[in-house]
Amino acid sequence: MSELSAQYNPKEVEERRYKQWEAAGTFNADPDPSREPYTIVIPPPNVTGILHIGHALNNTIQDILIRTKRMQGKNALWVPGTDHAGIATQNVVEKKLAKEGKKRHDLGREAFVKQVWEWKEQYGNTILRQLRSLGSSCDWRRTRFTMDEGLSHAVRKVFVKLHDDGLIYRGNYIINWCPRCQTALSDEEAPRVQTQGKLFHIRYPIEGSDAHLEVATTRPETMLGDSAIAVHPEDERYKDLIGKYAILPLVKRRIPIIADEDVDREFGTGAVKVTPAHDPVDFVLGRRHKLDFYNVMTDDAHMTAVPAAYDKLDRFDARSKLIRDLEEQGFLGAVDEHVHNVGHCYRCNTVVEPRLSLQWFVRMKPLAEPAIQVVKDGKLKFYPDRWTKVYLNWMENIEDWCISRQIWWGHRIPAWYCDKCLNLRGQWADPTLAGKPTGLPGIIVSEVQPSNCPTCGSGVLRQDEDVLDTWFSSWLWPFSTLGWPAKTPDLDYFYPTNTLVTAQEIIFFWVARMVMAGFYCMKETPFTDVYIHGTVRDITGKKMSKSLGNSIDPLDIIEKVGTDALRYTLVTATAIGQDVFLSDERFTVGRNFANKLWNATRFMVSQPGWQFVKNPHSALNRDRLSLADRWILSRLNKTIIRVTCAIDDYQFNDAANGIYDFLWRDFCDWYVEIAKVQISQEKAETTLRVLWHALDTALRLLHPIMPFVTEELWQRIGELAGRPAEKQTIMRAAWPKQDSYDDDPVAESEMDTLQAIVSAVRAMRSELHVPADSRPDLFLATPDAQAATAASNQESLLRALTQSGKVHVDAQRPKDAAAAVVHGIEVLLPLAGLVDAAKERVRLSQRVDQLAKQLAGTEARLANNEFTSKAPPEILEGAKAQQRELQDALKKTRAYLATIEAMAK
RNA sequence: GGGCGCAUAGCUCAGUUGGUUAGAGCGCUGCCCUCACAUGGCAGAGGUCAGAGGUUCAAGUCCUCUUGCGCCCACCA
C-alpha cells in the first residue's frame with residue numbers, strides 16, 4: 001500500500017469507480033416484497049439543460065438520501081429522466097435554424113418536429129452524462145423522457161379523463177401571450193417583473209360638449225382597441241357623465257362611459273379606458289357590460305385593424321407614435337414615472353401581451369381539494385415547514401390552468417374537429433363562448449385518433465394544432481415513470497414515492513400540480529416529504545445564472561477538485577432551506593478533506609503488523625482497550641447518532657460537519673497520534689483493530705456525501721481485513737448502527753482532561769517560546785487521588801504528546817515553574833534555563849485576571865436568590881461546580897504568580 | 001397591498017427544543033517541512049450575536065417595534 005501517493009487524485013478514482021458501480025448494477029432496484037422501498041423521482045432536467053450549480057446541489061441531496069437509505073437496507077430507487085421542455089427546446093432548434101436563415105414554417109410541422117427529435121437524440125443526453133459525473137446513483141435502466149411513448153400515452157389518458165370529467169374546457173380568454181415565442185403561457189410562466197414605466201394621461205373628448213374625460217394608462221397603444229371608459233358609480237366627479245359617450249381620439253370611435261364598482265377611484269384619474277381584448281380586467285368588464293371586443297394586435301405584437309397610420313407598427317413603436325400624435329393634437333395630459341409589474345416570458349424574457357385567444361384550460365379548483373387536505377392532515381410535509389403556507393396559499397387561490405401552447409414541440413392535444421359540425425355551431429372566436437364546456441358536436445377528444453365524426457359520420461377530421469404545456473406531462477412524472485396507466489408491479493411497489501427534492505422556483509409549476517395529479521390519477525399523494533433546498537447564489541447574493549455570468553460551473557469544480565469535494569462543499573453550504581452562497585475558494589475545503597482522509601488511510605495501511613491481525617472487522621476485545629481506544633469508540637458512537645439523525649432530518653450540513661469533526665478533529669488530530677504511541681508500545685494489535693474499525697465505520701457514514709473517496713479507501717482497508725470480494729462495494733455496506741456498549745462517559749471525561757493537559761503544555765511552550773527541540777520534564781500535581789492515578793496511567797502518552805522528558809505525577813514540585821491549572825490539576829514546566837520568568841509573569845497575571853472575572857460572574861449568579869431558588873437542580877449544580885473549579889484554579893494560579901514575583905525581586 | 005427569509009469574528013456561514021466560558025472554514029499572527037498529510041501540525045488574536053423595548057432566575061435563541069438587504073404572491077389601469 002506504500003504506493004499510494006501523498007496527494008489524492010480524485011479524477012482517476014471517480015471515473016473508474018463510477019463505471020464499476022454502473023456496470024455491476026449497483027444502482028438498480030426492482031420490486032422486492034421482502035424489503036421496504038424508498039423511492040425518489042428526479043426533477044427531470046430539460047433536455048436542453050447543461051449541468052449548473054443548482055442541479056449539482058439538487059442531485060447531490062437526492063443522491064445522499066438514496067445512498068443512505070440503500071445502506072440502511074431499503075430497496076432504494078432513484079428514477080432518472082429528462083423533460084422535453086417544449087418552448088425551451090423549440091427555441092433552441094429555431095435558433096439553430098435561424099443561423100441557416102430558416103424559420104420553422106419554412107420546414108413545416110412534420111419536418112421541424114423531426115429536426116427537434118434529431119437534436120434531442122444528439123444533445124439531449126448531455127445532462128444525464130453530467131449527472132453521472134456528479135456520482136448520481138440513479139437506476140439508469142429506467143431513464144424516462146416526457147415524450148416517450150409510455151409517458152405520452154399517460155398524457156393523452158389524463159387529458160381525456162379530465163375532459164370526460166368536465167374538468168377541461170376550451171374557450172376564449174385573455175391569456176399571457178409571448179409575441180416572440182408566439183404562444184400562450186400559463187400565469188406561472190409569465191412572472192411579473194418590477195419595471196419602470198410611464199403612466200400616460202390621455203384626454204377623451206366627451207360627445208356633444210367641449211369637455212373631456214382624462215384617463216391614465218401604461219399601455220397607450222391598446223387605446224386603439226378601446227370600447228368604453230369606466231368610472232366608479234359613486235364617483236362624484238364623473239357621475240353626470242355615466243351613460244354619455246366619449247370620442248376615442250385618433251380613431252374617432254364613439255365609446256360609452258360606463259359605471260363599474262371595480263374601478264378604483266384613487267388610481268390615476270379615477271377613469272379607466274376599457275380594452276376588452278387586451279387586458280384581463282377589461283375583458284371581465286367587457287363581458288359584463290357587453291362591450292365590443294377589438295383585437296388590434298397580431299400574434300407577433302404588431303398593430304392591426306387600426307387606422308392606417310399605425311397599421312403594422314410594432315407595439316412599442318406604435319406607443320411612441322401614438323404619444324407624439326396625441327400630444328400634437330392636444331389629447332395628451334401629464335406623463336408620470338410609474339413603477340409597475342409587467343409579465344415577462346420565462347423562456348425568453350419578452351414582455352408578454354395579454355391577448356384574447358381560444359385556448360384549452362383545466363379547471364383546477366376540484367383538483368386542488370385533496371391536495372390541500374393532504375397537507376392540512378400532515379400526510380404531506382414540507383421541509384422546511386414554511387413552504388407549507390406558500391403552497392396552501394397558492395392552492396387555495398388557484399386559477400384555471402391554460403394548457404394549450406401554439407408551438408410544435410410537445411404532446412399534441414388529443415382533440416379533433418369536424419368542421420362540418422363546427423360550422424353549424426358558429427365561430428369559436430365568439431367571446432361569449434368562453435367558459436362553455438366542450439363536448440359539443442364536432443369536437444372529439446380521444447386517446448387515439450378517431451376515424452369518423454360521431455355526430456355526422458364525416459371522415460374529414462383535423463387534429464387541434466396546439467400542443468400541451470410541458471408541465472402537463474411533468475405533473476404525471478411520479479407515476480407515469482413507473483408505468484401508469486398500466487398497473488405495473490413497479491407502480492404497485494414503488495408508489496407513492498418518499499421524498500421530492502426540489503427548489504422553491506418550481507413549487508407551483510411542478511410540486512403542487514404533481515400532488516393534484518397524484519390524487520386525481522392514483523388517489524394517493526405522490527410523495528410524503530418535500531424537501532425544498534435553497535437557491536444557489538454568488539457571494540453578492542445574486543442568483544447564479546448563466547445569463548448573469550456569475551455562475552460557478554460544477555464541471556469546472558469537478559475538474560479542479562473532484563466530485564466529492566464539490567458535493568461536500570455544496571452540502572456544508574446548505575443549512576436547511578437557506579439559500580446557498582458560494583465562491584470558488586470554498587471548494588478547496590472539500591478537496592482538503594478528501595486529501596486528509598486519503599492520508600489518514602495511507603498512514604494506517606502502511607503500518608506493519610497487519611498480518612498478525614486476523615479479522616479486524618470482528619468484535620474488539622474490550623478488556624484490552626486503552627483510554628484512547630475507548631474514547632474514540634465512544635466518540636464514533638456519538639457521531640453515528642448525529643449523522644444518522646441529521647440525514648433523517650434533512651440537516652445535511654450538520655451531517656457533513658459531524659463526520660468532518662469526527663474524522664479530522666477526533667480521529668486524525670488525536671487518535672492517530674495516540675495510535676502511533678500505542679503501536680510503539682506493543683499494543684499494536686488492539687490499536688490497529690480500533691483504527692480499522694473507526695475508519696471503516698466513518699467511511700460508511702461519509703459515503704453518501706463523498707461517495708468516491710470513501711469507496712476507494714474502504715476497499716483499500718477491506719483488503720487488509722480480507723473482506724470477501726462479493727462485499728467489495730461500500731454502496732451496499734451496512735449503515736453504521738449505534739451501540740450503547742460503546743458509550744463511555746468516563747473515557748470521554750478522562751480523555752478530556754488528558755487533552756486539556758496536553759493543550760496547556762503546548763500553549764505554555766508556544767507562548768513562552770520554549771525551543772522546539774528541548775524536552776523539559778513535566779510535573780502534574782493534584783489533590784485528587786483518582787485524577788492522579790488516571791494521569792500516571794497515561795504517563796507515556798503525555799510524554800509523547802507534549803514533547804516532555806520525564807513526567808512526574810504528584811512528585812516534588814519544581815521550585816520555579818511555568819504553570820497552568822486544568823481540571824484541578826496543576827500542570828508545571830520547570831523554568832530552569834528554559835523559560836523567561838518575565839514572560840511567565842505576564843502570562844500568569846493575565847490568566848489570573850481572566851479567572852477572577854469568570855469567577856465573579858459565576859458568584860454573582862449564585863448570590864442571586866431568584867436563580868438559586870428557581871433554576872433546575874442540574875443547572876444549579878453546574879454553577880456550583882464551576883465556582884469550585886474556578887476558585888481552585890484561581891488560588892493555584894495566584895500562588896504561582898506569587899512565586900514568580902518573589903523570584904523577580 | 002399581503003406573505004416569507006436574512007442580519008452572529010475581517011470574509012462565508014453553523015448554532016435543533018432558552019441553561020455554564022457563542023462555534024467552524026477561509027483570512028490574519030507566531031512557531032514547526034516531526035518518518036499519513038504544508039491540500040499539513042501546534043498555539044494565538046479577533047464577536048456589546050443589526051438597533052430599541054419586553055417576557056424570564058437565565059435570551060444569539062421567545063414576543064413587540066425599528067432599520068437595512070433579499071425573495072414570493074396580488075387584475076391599481
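Protein chains get the first letters and strands the later ones, always in sequence-line order, with residue 1 at the start of each. Small disclaimer: the values here were computed from a predicted structure and weren't measured.
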Novice: Among B:rA77, B:rA14, B:rG3, which nucleotide sits nearest the side chain of A:Asn657?
Specialist: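 Taking heavy atoms from C-beta onward, the closest nucleotide is B:rA14.
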Novice: Base, sugar-phosphate or nothing for A:Lys389? Non-hydrogen atoms, less than 4.0 Å.
Specialist: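 Since only primed, P, OP1 and OP2 atoms lie under 4.0 Å of A:Lys389, the category is sugar-phosphate.
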Novice: With sequence neighbours left out, write down each residue that passes ring-ring contact (aromatic ring centres under 6.0 Å, His included) with A:Phe382, or none if nothing qualifies.
Specialist: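 Partners of A:Phe382 under the ring-ring contact (aromatic ring centres under 6.0 Å, His included) test: A:Tyr391.
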Novice: Checking all strands, does A:Val272 fall into the base, sugar-phosphate, or nothing category for heavy-atom contacts under 4.0 angstrom?
Specialist: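 Result for A:Val272 = base.
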Novice: Listed by chain and number, what are the side chain to side chain donor-acceptor pair (under 3.5 Å) partners of A:Asp235, not counting sequence neighbours?
Specialist: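 With neighbours one apart ignored, the set is A:Arg237.
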Novice: What nucleic acid atoms does A:Thr588 come within less than 4.0 Å of, heavy atoms only: base, sugar-phosphate, or nothing?
Specialist: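 No contact at all - A:Thr588 keeps every heavy atom at 4.0 Å or more from the nucleic acid.
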Novice: When the P atoms of B:rG40 and B:rG51 are compared, how many Å lie between them, rounded to an integer?
Specialist: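 To the nearest whole Å, 35 Å.
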Novice: Identify whether any heavy atom of A:Val672 sits under 4.0 Å from a base atom; if not, whether one sits that close to sugar-phosphate; answer base, sugar-phosphate or nothing.
Specialist: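 Since a base atom lies under 4.0 Å of A:Val672, the category is base.
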Novice: Roughly how far apart, to the nearest Å, are B:rA77 and B:rG68 at atom C1'?
Specialist: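 My reading of the C1' atoms in B:rA77 and B:rG68 gives 33 Å.
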Novice: Run the side chain to side chain donor-acceptor pair (under 3.5 Å) test against A:Arg765 and tell me which residues pass, sequence neighbours left out.
Specialist: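 Residues passing side chain to side chain donor-acceptor pair (under 3.5 Å) with A:Arg765: none at all.
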Novice: Counting only N and O atoms by type, is there a donor-acceptor contact under 3.5 Å from the side chain of A:Arg203 to the main-chain atoms of A:Leu213?
Specialist: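 Flag not set: sc A:Arg203 to bb A:Leu213 has no pair under 3.5 Å.
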Novice: With a 3.5 Å cut-off and heavy atoms only, can you find an N or O donor on one side and an acceptor on the other between the side chain of A:Glu673 and the base of B:rA36?
Specialist: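 It does, because a donor-acceptor pair links the side chain of A:Glu673 to the base of B:rA36 below 3.5 Å.
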Novice: Considering residues at least two apart in sequence or located in another chain, which fulfil the side chain to side chain donor-acceptor pair (under 3.5 Å) criterion with A:Thr218?
Specialist: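 Result, side chain to side chain donor-acceptor pair (under 3.5 Å) vs A:Thr218: none returned.
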Novice: Less than 4.0 angstrom between a side-chain N/O of A:Asn592 and OP1 or OP2 of B:rG40, yes or no?
Specialist: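 A:Asn592 to B:rG40 OP1/OP2: side-chain N or O found under 4.0 Å.
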Novice: Taking Watson-Crick (N1-N3 plus N6-O4 or O6-N4) and G-U wobble (N1-O2, O6-N3), each under 3.5 Å, can you produce the dot-bracket string of RNA chain B? Use [ ] for crossing pairs and | for inter-strand ones.
Specialist: (((((((..((((.....[...)))).(((((.......))))).....(((((..]....))))))))))))....
Novice: Of the options B:rC13, B:rA36, B:rA77, whose atoms approach the side-chain atoms of A:His338 most closely?
Specialist: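 Shortest atom-to-atom distance from the side chain points to B:rA77.
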Novice: Just call it for A:Ala772: base, sugar-phosphate, or nothing, with non-hydrogen atoms closer than 4.0 Å on any strand.
Specialist: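 No contact at all - A:Ala772 keeps every heavy atom at 4.0 Å or more from the nucleic acid.
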Novice: Quick one: which residue pairs count as a salt bridge (charged side-chain N to carboxylate O under 4.0 Å, His left out) with a foot in residues 847-863 of chain A, not counting sequence neighbours?
Specialist: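 Non-adjacent pairs meeting salt bridge (charged side-chain N to carboxylate O under 4.0 Å, His left out): zero.
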Novice: Would A:Lys676 count as a cation-pi partner of A:Phe603, with NZ or CZ less than 6.0 Å from the six-membered ring centre and within 45° of the ring normal?
Specialist: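 So A:Lys676 does make the cation-pi contact.
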Novice: B:rU12 phosphate, OP1 or OP2: any side-chain N/O from A:Arg586 under 4.0 angstrom?
Specialist: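 Checking A:Arg586 against B:rU12: no side-chain N or O falls below 4.0 Å of OP1 or OP2.
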Novice: Restricting to side chain to side chain donor-acceptor pair (under 3.5 Å), what partner residues turn up for A:Asn865, sequence neighbours left out?
Specialist: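 If we apply the side chain to side chain donor-acceptor pair (under 3.5 Å) test to A:Asn865, skipping adjacent residues, there are no hits.
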Novice: When all nucleic acid strands are considered with a 4.0 Å heavy-atom cut-off, which category describes A:Asp264: base, sugar-phosphate, or nothing?
Specialist: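 It contacts base atoms.
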Novice: Could you pull out the protein-nucleic contacts involving nucleotides 17-22 of chain B (nitrogen or oxygen on both sides, under 3.5 Å)?
Specialist:
{"unit_1": "B:rU20", "atom_1": "O2'", "unit_2": "A:Gln882", "atom_2": "OE1", "d": "3.3"}
{"unit_1": "B:rU20", "atom_1": "O2'", "unit_2": "A:Gln882", "atom_2": "NE2", "d": "2.8"}
{"unit_1": "B:rU20", "atom_1": "O2", "unit_2": "A:Gln882", "atom_2": "OE1", "d": "3.1"}

Novice: Which residues satisfy the ring-ring contact (aromatic ring centres under 6.0 Å, His included) test with A:Tyr294, sequence neighbours excluded?
Specialist: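 Counting only residues at least two positions away or on another chain, A:Tyr294 forms no ring-ring contact (aromatic ring centres under 6.0 Å, His included).
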Novice: Using ring-ring contact (aromatic ring centres under 6.0 Å, His included) as the criterion, list what pairs up with A:Trp177, not counting sequence neighbours.
Specialist: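 With sequence neighbours excluded, A:Trp177 shows a ring-ring contact (aromatic ring centres under 6.0 Å, His included) to no residue whatsoever.
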Novice: Who are the ring-ring contact (aromatic ring centres under 6.0 Å, His included) partners of A:His340, not counting sequence neighbours?
Specialist: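 A:His340: ring-ring contact (aromatic ring centres under 6.0 Å, His included) contacts with A:His338.
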Novice: Between the protein and nucleotides 42-44 of chain B, which nitrogen or oxygen pairs are less than 3.5 angstrom apart?
Specialist:
{"unit_1": "B:rA43", "atom_1": "OP1", "unit_2": "A:Ser759", "atom_2": "OG", "d": "3.3"}
{"unit_1": "B:rA43", "atom_1": "O2'", "unit_2": "A:Ser766", "atom_2": "OG", "d": "3.3"}

Novice: For atom P, what is the distance between B:rU17 and B:rC62, given to the nearest Å?
Specialist: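 The same atom, P, in both gives a distance of 7 Å.
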